[in-house]
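Computation of the quantities below employed the complete heavy-atom set of this structure, encompassing side-chain atoms and omitting hydrogens, waters and symmetry-equivalent molecules. Along the sequence shown, residues are numbered consecutively beginning with 1.
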Amino acid sequence: MPKLEELKSHLKKGVIYKRDELQKWSKSIDRHLSELTGEGTLKRVGPGLYHFPKKNAFGFEPPADDMLIKKFLDNTNFLITSFNYFNALGLGTTQLYNKQIVYNHLRSGDIKLGNKLFSFRKKSAFPTKPTKEFLVIDLINNLDSLAEDQPKVLEKALKTARSLDQQSLGYAAEKYGNPKTRKLLATN
């Protein structure tokens, strides 16, 4: 069996592979990856990441965001969020943002994975799922990055913060808030 065919025999549809993982089945991994991406068997979806896409009635299925990030970071300790989530708080934010934010403990910077741009931000703490308290804290933390009327949004965010469970909000502020956010909420 030719070496390329042997490598193909180990691939499973819908799975994302790191270059290093595939290296155990090939002594000429870069040449084989070039051939596999050239023929469309594998799609390069990030630095050192390759996806063997499944085909459905609409074409090839892109990999799920959480699968991409899990493989890229080599762990599951991250939170995918977006400034778009702030729109659900009812604070008058209406902008739509293309970038998703990935809070994690390992990487920082903007990285394109698949066809999407992810902003990786290294944080010491973040919840497993975004709560309303976390979103209010996150909004205030990122207020300078919003394309909204910032003073107006801050005023509404502080008003909303007063209506939330104060114990949960205090915990979220202490754990996830930057010093400026904690100070704003303490004086509110």
Side-chain angles (χ1 to χ4, degrees), residues 15-21 45-49 51 62-188:
V15 176
I16 299 170
Y17 296 96
K18 281 196 160 192
R19 179 190 176 279
D20 297 343
E21 290 175 285
V45 291
L49 296 178
H51 180 236
D65 293 347
D66 59 331
M67 275 179 49
L68 270 171
I69 293 166
K70 179 181 175 183
K71 187 58 83 167
F72 179 71
L73 293 175
D74 262 339
N75 74 42
T76 58
N77 197 5
F78 59 86
L79 172 68
I80 303 172
T81 186
S82 168
F83 291 166
N84 296 334
Y85 291 7
F86 301 152
N87 296 346
L89 292 172
L91 304 175
T93 58
T94 57
Q95 292 289 324
L96 295 177
Y97 299 87
N98 289 332
K99 197 181 333 184
Q100 290 187 308
I101 298 166
V102 181
Y103 292 125
N104 69 95
H105 300 300
L106 304 171
R107 302 287 302 248
S108 288
D110 290 349
I111 299 170
K112 188 174 182 182
L113 297 175
N115 294 329
K116 295 181 183 175
L117 183 65
F118 294 93
S119 181
F120 285 82
R121 297 190 183 173
K122 200 189 284 191
K123 292 278 191 181
S124 60
F126 45 85
T128 53
K129 292 189 192 279
T131 62
K132 194 168 188 177
E133 290 82 6
F134 170 77
L135 289 174
V136 169
I137 300 300
D138 199 38
L139 180 141
I140 298 170
N141 284 344
N142 292 293
L143 192 63
D144 295 343
S145 301
L146 298 180
E148 307 278 353
D149 181 357
Q150 294 170 3
K152 195 175 198 178
V153 170
L154 177 60
E155 180 185 326
K156 289 181 179 182
L158 292 174
K159 184 178 179 183
T160 298
R162 286 191 291 271
S163 69
L164 296 173
D165 175 27
Q166 292 304 296
Q167 187 174 359
S168 297
L169 182 69
Y171 174 81
E174 190 60 39
K175 193 125 175 114
Y176 315 122
N178 62 31
K180 183 179 175 183
T181 299
R182 288 195 298 267
K183 185 176 178 183
L184 277 169
L185 289 169
T187 59
N188 183 28

Smallest separation among heavy atoms of Pro130 and Leu135, with atom names: CB-CD2, 4.0 Å
Gap between atom CZ of Phe134 and atom CG of Asn141 - 0.5 Å precision: 8.0 Å
Pairs satisfying salt bridge (charged side-chain N to carboxylate O under 4.0 Å, His left out), at least one member in residues 81-97, at least two apart: none
Reference residue Phe118; test side-chain contact (heavy atoms from CB on, under 4.5 Å); the match among Asp110, Ile101, Ile111, Val102: Val102
Beyond-backbone contact of Asn104 with Asn77, side-chain heavy atoms, under 4.5 angstrom: no
Expected output: side-chain His105 to main-chain Lys123 donor-acceptor under 3.5 Å: yes
Ring centre gap for Phe72 and Phe120 strictly below 6.0 Å: yes
Salt bridge Lys71-Glu21, side-chain N to carboxylate O under 4.0 Å: yes
Any side-chain heavy-atom pair of Tyr103 and Asp138 under 4.5 Å: yes
Criterion side-chain contact (heavy atoms from CB on, under 4.5 Å) against Leu89, the qualifying member of Thr160, Val136, Val153: Val136
Heavy-atom closest contact (Lys132 atom, Leu164 atom, distance): CD-CD2, 3.8 Å
With Asp74 via salt bridge (Lys or Arg N to Asp or Glu O under 4.0 Å) - residues at least two apart: Lys18
Side-chain heavy atoms of Pro47 within contact of Leu113, under 4.5 Å: yes
